[in-house]
Amino acid sequence: MELFRGTNHSPSYFSLSRAGVGQDVVDFCIPCNPYFPTPAMFAVLAVRLRDILTYYPSSADTITAELASLLGLQPQTMAMGNGSTELITWIDHLLVKESLAVPIPTFGRWTDQPMETGKRVDMFQLPEMDGFRLDPDAFVSFVRSRGSRVAVICNPNNPDGGLLPRHAVVAMMDALADLDLVVIDESFLEFADSEAYPSVVDEAVLRPNVIVLRSLGKNFGLHGVRFGYLVANPALAVQIRSRLPKWNLNSFAEVIVFMLKRYQPEYAQSLRMLSRDRQEMTAQLANLPGLTVYPSQGNFVFVKLPEGADGAQVRDRLLSEHGVLVRECGNKLGSSSQFMRLVVRSQPDVQRLLTGLSTVLYGTAWYAPQPSLEQQPSYALEQPSYASYALPQQPSYALEQPSYASYALPQQPSYALPQQPSYALPEPQTELQLLLQSAQQQQQQQQQQQQQQPALYPATPLQTAQDTYGGYAAQQAMPAAYPQPQAQPMAELTPAAYTPAGQMPLFQSQQTTGAYARLQAMQQALQQAPQALQAPQPSAPQPAQPARPVQTAQQQPSGGGRMTVYAPDPAAVAGDMSMDDTLIYMPTVVTDSAPAPAPAPATPAAATPPAALPTMDSDEPTGGGTMRRYPRPAAYLQTDNGS
């Protein structure tokens, strides 16, 4: 493509856009931070865009002082420029007198700028067989042998990403202390993770001939803002700072520098995410046959194509056929067209790159490795907004199946698959919602009880269709010898008095209506029960005894103005049976206002005594027609002496 011809650098994004190739292109060429600035920072810049473009920025001294405060440095040891390239230009004009030594391949401005101003550039070739690793001792010997007065190294180096440890750099500065200038370009050092503090900024401020150069655009992913800075001894830094234009920094740079304090945690997180992406990308590229991958501490990876592959053709096909822009290094001194620099990006973009390389180099996408389950959560790291659409009340689903949560879009909230019904669980409810739902259900049940009037007495105690108290009712079937009251028409019952069989009576306000009718029914049943079991001949009725409340070990549910009590086997009771110490066996309830039903004809007791009923203090639940005990209303609480 003509856009790549006649230039030592790749074409800009705007040049590609004007040529119609900038749409839907994944950029593996420009080394920047893909995770910073955050969307919140871009939103702030968008809101303030009118002011940023309308008004002058503050002076460079004001912006430099703010950046120095953020970095913990003294403003007099710093100088800020419109990108690191401006600072390289001023260093060449002011401090490079005759010659400069630099390892190659490296950043092109360190070789191009001195040659443009007529300086001698002594180039130290990094050995390919050693992975382009810089040997500090060999480089110092080279500087001595060439008589160079200025030495420059990039750490990490661009384009291979090689990094010298801090102690090796300090030793090299000591060995070159007699030179006019030693420049340590740390533009990509923020992306290194091989040691905790690899920078030599603190050493530079103590030495009279050392400058450390840093780039903010690369670290913060804002190449278009154009801001960088250098750190040096105050006497050396002022030589550069005094020559810089008064307003060499624009308003975008000022706004961003003053925003950085609020977003330091996000910036640190972006560096950790990029370090992880670099490891994954390096391992995946190494799986391509014939591709050589060099270890890197920058935000890019240096690779050598298989034998016979032309980097320019691979670059052009990747862009035209797969929409992938790469940096082919044929125009870099010390490199060739067989080498490429690939910027570190997240897994979705890397998969696109791997598919393109596999297709262009081998004619098939078979060599492009597929992402594993362990690699898929990185999708959410590139686009964290997807994770915010996860239902907050079901966070465990995303942890269980991160692959599903990473692909879920807000317009597709259905996570449940036929074979995975666990995703279709209802949303958990708060305590307040549960209370409201319970109250509504109780109200609906009360309304249904008032609307429906079921028969008071079922045919037999075992015919109750629904017994919410389990199988206990079936075990306690009433013996045939016991008399059963006859069913009464519903018209004879008052709505507030009846209780459907097999159900607990609902709570009502305590009323004393129907007290005398109930007392008569209880006395008649007490007089007739022994007669039906012992002999067919009639017996004299027993006088009524004062009522005494029944006491049980457990709290009994109560209904307003009604009571149902049951007695143990009357045949087992010896002696006098009175209301003081005998309970009445009745298979269904006795209502408040309805008269007592007429007793059935007495039937002789069966030869086999009836089965013993359970203890009254049992905790077993009860159903209709079985043992059910309720405490008497307050109107019946009397002592034995009638007081």
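For clarity, every value in this text was computed on a predicted model and none was experimentally measured. Just the heavy atoms: all of them, side chains too, but no hydrogens, waters or symmetry mates, feed the values below.
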> Who passes side-chain contact (heavy atoms from CB on, under 4.5 Å) against Ser199, sequence neighbours left out?
Replying inline: Glu186, Leu189, Tyr197, Val201, Arg214
>> Testing the 3.5 Å rule here: is there a donor-acceptor pair between the side chains of Gln297 and Asp193?
In response: yes
> Is the backbone N or O of Ala65 less than 3.5 Å from a side-chain atom of Ser69, with the two atoms forming a donor-acceptor pair by type?
Replying inline: no
>> As an exercise, state the distance from CG of Leu230 to CD1 of Ile211, rounded to the nearest 0.5 Å.
In response: 5.5 Å
> Please walk me through it: do Ser59 and Thr62 pass side-chain hydrogen bond (donor to acceptor under 3.5 Å, both in side chains)?
Replying inline: CA-CA 5 Å; Ser59 64; Thr62 301; 3.2 Å; yes
> Does Arg144 CZ have over 12 foreign heavy atoms under 6.0 Å away?
Replying inline: yes
> Is the side chain of Ser275 donor-acceptor paired with the backbone N or O of Leu271 at a distance under 3.5 Å, no angle test?
Replying inline: no
> Once the angle between the rings of Phe139 and Phe142 is folded into 0 to 90°, is it parallel (under 30°), tilted (30 to 60°) or perpendicular (over 60°)?
Replying inline: parallel
>> I need the Cys32 SG to Phe191 CZ distance, nearest 0.5 Å.
In response: 8.0 Å
>> For Asp180, is there any backbone N or O sitting under 3.5 Å from a side-chain donor or acceptor partner on Asn209?
In response: no
> Looking at CG of Asp349 and OG of Ser346, how far apart are the two atoms once the value is rounded to the nearest 0.5 Å?
Replying inline: 4.5 Å
> With distance as the sole test, does Arg241 use its side chain to make a donor-acceptor pair with the main-chain N or O of Gln76 at under 3.5 Å?
Replying inline: yes
>> Has His322 got a side-chain atom pairing as donor or acceptor with Leu354's backbone, closer than 3.5 angstrom?
In response: no
>> If we count only N and O atoms by modelled type, under 3.5 Å, do the side chains of Glu190 and Asn219 hold a donor and an acceptor together?
In response: no
> What pairs meet the ring pair (Phe, Tyr, Trp, His ring centres under 6.0 Å) rule with one or both residues in residues 275-294, with sequence neighbours excluded?
Replying inline: Phe132-Tyr294, Tyr294-Phe302
